[in-house]
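We're numbering straight along the sequence, starting at 1.
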Amino acid sequence: MVTTDIRLKRIEKEYQSVRGVQDDILDKMDSYEAAMLGLTEMVAENRRMLEAIIKHLDVPYEPMGFIKE
């Protein structure tokens, strides 16, 4: 039947459209994940630098905060 071919083409185009949107969403998620991992590493590096400065300056410090003298 002619209508069967038309329906199959329509279904195929809808499928391709949905798949394209899903791919776009997954690509964005990958980008966000990479950005979060980069930010997490930057925070960890900043913490290491701060701890090195505290140690170098011999600042009285406990892991939960500075010690009052």
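- No continuous path of hydrophobic side-chain contacts links Met49 to Ile54 [ILVMFWY only; heavy atoms under 4.5 Å].
- One hydrophobic cluster, built from ILVMFWY side chains closer than 4.5 Å, cannot hold both Tyr15 and Leu8; they sit in different ones.
- Residue pairs satisfying the side chain to side chain donor-acceptor pair (under 3.5 Å) criterion with at least one member in residues 23-32, sequence neighbours excluded, are absent.
- Salt bridge annotation for Arg47-Glu51: present, with a cationic side-chain nitrogen under 4.0 angstrom from a carboxylate oxygen.
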Side-chain donor-acceptor pairs under 3.5 Å in residues 35-45, sequence neighbours left out?
from: Thr40; atom 1: OG1; to: Met36; atom 2: O; distance (Å): 2.8
from: Glu41; atom 1: OE2; to: Arg48; atom 2: NH2; distance (Å): 2.8
from: Glu45; atom 1: OE1; to: Arg48; atom 2: NE; distance (Å): 3.3
from: Glu45; atom 1: OE1; to: Arg48; atom 2: NH2; distance (Å): 2.8

